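Written below as structure tokens is the structure these notes are about.
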Amino acid sequence: MRNLATIKKHLILCNGEQCTIKGANKIIESIRRTIKRCGLHDHIHTTRSLCNGRCEDGSIVIIYPDAVWYKNVDETAADKIVKKHLMNGQIVKENLLFKQETKNHG
Ligand code: FES
């Protein structure tokens, strides 16, 4: 069973119909492979989702708690999302769709 206490980020990988037409299955496998290869498996949880309502921008990848939505994710972008965003905390600007403002409710 997955140890939730070690998870730092959760990726929602759109696997809705339109994103799938745009290659989501390959992208999802590529992201998961890269996460594993980079040793991030214990810290990153990924979930395939149904449509996220932005089909025209697909494939869509969403990262929480960063509240960052990525658009037009192909295998190249997927690699950058893992290596730049997940490993170094930097936004992949060329694929940024939206960054939600997050408030500290503490
Ligand atoms: S199928 Fe991915 S946003 Fe609609």
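Residue numbers start at 1 and run along the sequence shown. All of these numbers come straight from a predicted model, not from anything done at the bench. First listed ligand is number 1; within each ligand, the first listed atom is number 1.
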Compute the minimum heavy-atom distance from G53 to ligand 1 and say whether it is under 4.0 Å.
->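 Yes, G53 has a heavy atom closer than 4.0 Å to ligand 1.
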
I28 side chain reached by R48 side chain, heavy atoms, under 4.5 Å = yes

Considering only heavy atoms from C-beta outward, does the side chain of I7 approach that of I44 to under 4.5 Å?
->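 When only atoms from C-beta onward are counted, I44 and I7 do not touch, as no gap falls below 4.5 Å.
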
For N52, the atoms of ligand 1 under 4.0 Å from one of its heavy atoms are 3 (S), 4 (Fe)

Below 4.0 angstrom from a heavy atom of G16, which ligand 1 atoms are there? Numbered from 1 as shown, please.
-> 1 (S)

Check: Q100/Y64 side-chain N/O donor and acceptor closer than 3.5 Å |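 Note: Q100 and Y64 side chains meet the donor-acceptor criterion.
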
Determine whether the side chains of T20 and N15 contain a donor N or O and an acceptor N or O closer than 3.5 Å.
->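 Yes - a donor-acceptor pair under 3.5 Å links their side chains.
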
Does C51 put an N, O or S atom under 2.8 Å from atom 2 (Fe) of ligand 1?
->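 It does not; every qualifying atom lies at 2.8 Å or beyond.
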
Counting backbone and side-chain atoms alike, does C14 have an N/O/S atom under 2.8 Å from atom 2 (Fe) of ligand 1?
-> yes

Given K9, H10, R2, the one that forms side chain to side chain donor-acceptor pair (under 3.5 Å) with H45 =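 With H45 as partner, side chain to side chain donor-acceptor pair (under 3.5 Å) holds for just one option, R2.
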
Check whether any N, O or S atom of C19, backbone or side chain, sits closer than 2.8 Å to atom 4 (Fe) of ligand 1.
-> no

